[in-house]
Amino acid sequence: MTGIGVNQPTMLQQKLTFAEQVADVLKVPAEDIVEHLEYPPNPDLGDLALPCFRFAKTLRRNPADIAKDVASALAEHPAFARAEATGGYVNVQLNRDALMRDVVRTLQSHPEQWFSRQRGQGRTAAIDYSSPNIAKPFGVGHLRSTVIGQAIVHLLEADGWRVVGINHLGDWGTQFGKIIVAYRKWGDEAVVRANPVRELFSLYVRFHDEAEKHPELDDEAREWFKKLEEGDAEATRLWQWFIDESLKVFRAMYHRLGVQFDHYLGESFYNDMMQVVVDELRSKGLLVESDGAEVVDLSAWNMPPCIIVKSDGATIYATRDLAAANYRHDQFGADTLLYVVGAEQTLHFQQVFKVLELMGRSWAANCQHVAFGMMKYNGERMSTRRGKIVYLEDVLDKAVAEAKRIIEEKNPSLEDKDSVAEAVGIGAVIFNDLKSYRMHDVDFRYEEVLNFDGETGPYVQYTHARACSVLRKAEATPGQAGSVDNLVDVHDAEWRLITVLAQAQEVLERAVDELDPSLIARFLLDVCHAFNRFYHDCPILSAEAARDQRLALTDAVRSALAYGLHLLGLKAPTAM
RNA sequence: GUCUCAGUAGCUCAGCUGGAUAGAGCAACAGCCUUCUAAGCUGUGGGUCGGGGGUUCGAAUCCCUCCUGAGACGCCA
């Protein structure tokens, strides 16, 4: 366990203290013991537990005896209030006062320190996320890459990384030939200007309909894309116009979602870097001719070949991704490249990463495809071509309207109803997408997104607002409410809350290591549940001796939730 | 066909670097607001952890195999 610089009283530190105290007894390095410490299934048993069965073989003693020795070794240390051997387990109870003081004090003033020890110092990650296609609507399908990516940006930054967020817009390819053809045939400038993305998209859908009956349209589209590649003035003008209009709509959507990028770099940005990649591959002898195309043979790694130059001489997305990877490494100084892209592109990224390795890029090992499952609707795959898509804008609007309805019903005197409704409605949508495992496919259901009860974004936001409300009633300043200087007996509900809050660092580190925001989402739900239980069981303002410590604890929860919500990209209204 | 990923309560999921009676939420039912925001809290019912083998003191978790679903499998991204 190197790297714990400051002597932080997090649960991680408690574990380390435990491990160091018993390392001699078990004749095992402390860091190995930390790995095996766990939380007892039932809080009555204790706060931390060590199963001793695994040490039985090497020590040639039975687990129950080992547990007894471990327990007596722990009894000597002030951090532990009680250590007990039960069967092959050692259960300890921590010193409540000490941990509570440190959790609350740190959290009140510096929540970011409570969550992290800045392991990413000196590292830079470039992360590719959202990356929608120009002239196509922003559907709920794109939500996943967008919100997962944005949350990962926050997680890495929280752990000390420098992060470069990149929106790899789909602004190139034969699809633009199609849209140009469709626009020239059936489009109307005024109509497009009024609602650019939706109108361009319906032209695109119409193109596909008509092309089924009139295949010659496809040839026309190819011709127009070729003109675009050759710099034809008309083609370029239309293409640029589509991009400008799309970006206006996308930026508005990102603003609503609280999503930001350091760079918008579309696929077309790399056009003039392609030849360099091809030349390098060729000079390194990696390219082989195959059916008229030039490919990198990957059969030694049990993968199909990676196509670099198509048989018509044009490059392809793999080439583009190679160029982009080099650019991100060289220009942004990124030592780690992340791609938040759907799981259906897994093979493609494996190929690209392998080719980078073959090109001798040492950092290829730090490239990672952060894959996620597919968003479906009514169990069916959404299809942009056929126009079968759920517009994200519609989803957000419905969620916000639902939030507004609930506010009118429950808290009609609330100030800033509209901005709170916006924060809560959008929070519901974002949280819903972040809370479950990335790799699962999700079937989009309105009834689920529009339900604000239980394990939802609004529940977390509500709990935060509730804590804020208590502080307001106490006329206390957030960040310095109450005090933990003089503690009176810590109630079980208070303690339960402390033990959850104390796990923040472990959770953040695991979320970073696994690039999985859902761990943070579930942690926040645990905090909320523990706080609401506490809120229900323990009077705060009307408490006598315990008033100060409970107020401080409430403030600590407020701080932790505000910070956690920020990590996930949700707003934290102080009232709702 | 090959490869990858998934399969846990009616539904959505957690638990998966092996450990103590498999946990939440939703839905259903039953309680709790003259007291700090009931978007809350408590309780009840609900499980062959896809099936079968194996490893182990111990398997939802690791290995093998089969079944089911999704995705990928060369000139789209």
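The chains referred to below are lettered A, B, ... by the order of the sequence lines, with proteins before strands, and numbering in each begins at 1.
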Residue set satisfying side-chain hydrogen bond (donor to acceptor under 3.5 Å, both in side chains) with A:Glu267, at least two apart, ordered chain then number -> none
Can you give me every donor-acceptor pair (side chain of residues 172-180 of chain A, partner residue at least two apart or in another chain, under 3.5 Å) with its distance?
residue: A:Gln175; atom: OE1; partner: A:Lys136; partner atom: NZ; Å: 3.0
residue: A:Gln175; atom: NE2; partner: A:Trp172; partner atom: O; Å: 3.2

Per the salt bridge (Lys or Arg N to Asp or Glu O under 4.0 Å) rule, what does the pair list look like for residues 45-65 of chain A, sequence neighbours excluded? A:Arg61-A:Asp69
Give me each pair satisfying salt bridge (Lys or Arg N to Asp or Glu O under 4.0 Å) with a member in residues 423-440 of chain A, each pair once, sequence neighbours excluded. A:Arg144-A:Asp433
Could you work out, with ring pair (Phe, Tyr, Trp, His ring centres under 6.0 Å) as the rule, every residue matching A:His142, not counting sequence neighbours? A:Phe138
Quick one: list whatever passes ring pair (Phe, Tyr, Trp, His ring centres under 6.0 Å) with A:His208, sequence neighbours left out. A:Tyr204
Trace of the side-chain hydrogen bond (donor to acceptor under 3.5 Å, both in side chains) decision for A:Asn91 with A:Thr86: CA-CA 7 Å; A:Asn91 294 308; A:Thr86 52; 3.1 Å; yes
Is the closest basic N to carboxylate O distance between A:Arg496 and A:Asp526 below 4.0 Å?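 Here A:Arg496 does not pair with A:Asp526 in a salt bridge, since their nearest N and O are not under 4.0 Å apart.
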Is any side-chain heavy atom of A:Thr499 less than 4.5 Å from a side-chain heavy atom of A:Tyr39?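 The answer is no; the side chains never approach within 4.5 Å.
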What does the list of N/O pairs under 3.5 Å between the protein and nucleotides 21-27 of chain B look like, with a distance for each?
residue: B:A24; atom: O2'; partner: A:Glu455; partner atom: OE2; Å: 2.6
residue: B:G25; atom: O4'; partner: A:Glu455; partner atom: OE2; Å: 3.4
residue: B:G25; atom: O2'; partner: A:Glu455; partner atom: N; Å: 3.3

Is the side chain of [X] donor-acceptor paired with the backbone N or O of [Y] at a distance under 3.5 Å, no angle test?
{"X": "A:Asp443", "Y": "A:Asn378", "result": "yes"}
{"X": "A:Arg550", "Y": "A:Ala543", "result": "no"}
{"X": "A:Ser130", "Y": "A:Thr146", "result": "no"}
{"X": "A:Ser246", "Y": "A:Phe242", "result": "yes"}
{"X": "A:Ser131", "Y": "A:His168", "result": "yes"}
{"X": "A:Arg558", "Y": "A:Ala467", "result": "no"}

Of A:Val442 and A:Tyr462, the one whose closest RNA chain B nucleotide lies more 5': A:Val442
Pick the nucleotide of RNA chain B nearest each of A:Pro458 and A:His36; which residue has the one closer to the 5' end?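 Nearer the 5' end of the strand: A:His36.
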Nucleic acid footprint by protein, nucleotides 67-77 of chain B - heavy-atom cut-off 4.0 Å, B for base, S for sugar-phosphate alone: ---SSS-BBSB
Would you kindly say whether A:Asn532 and A:Arg466 are connected by a side-chain donor-acceptor distance under 3.5 Å?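 Per modelled atom types, A:Asn532 and A:Arg466 side chains form a pair under 3.5 Å.
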Assess, by modelled atom type and distance only, whether the side chains of A:Glu494 and A:Gln549 contain a donor and an acceptor separated by less than 3.5 Å. yes
List every contact pair, protein side and nucleotides 28-35 of chain B side both N or O, where the distance is under 3.5 Å.
none

Pairing string of RNA chain B (Watson-Crick or G-U wobble, both atom distances under 3.5 Å; | = paired to other strand) is (((((((..((((.....[...)))).(((((.......))))).....(((((..]....))))))))))))....
Checking understanding here: a glycosidic angle within 90° of 0 is syn, the rest anti, so what is B:C13?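 In terms of base orientation relative to the sugar, B:C13 is anti.
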Applying a 4.0 Å non-hydrogen cut-off, can you work out what A:Pro539 is touching in the nucleic acid: base, sugar-phosphate, or nothing?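 Answer is base: heavy atoms of A:Pro539 come under 4.0 Å of a base.
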Classify A:Ala49 by what it touches in the nucleic acid, base, sugar-phosphate, or nothing, heavy-atom distance under 4.0 Å.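 Contact class for A:Ala49: base.
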Extract from the structure each pairing of a protein N or O with an N or O of nucleotides 2-6 of chain B at less than 3.5 Å, listing the distance.
residue: B:A6; atom: OP1; partner: A:Tyr437; partner atom: OH; Å: 3.4
residue: B:A6; atom: O3'; partner: A:His440; partner atom: NE2; Å: 3.3

Got a list of protein N/O to nucleotides 56-65 of chain B N/O distances below 3.5 Å?
none

Quick note, A:Phe452 side chain, CB onward, closest among B:A39, B:A38, B:C36 is B:A39
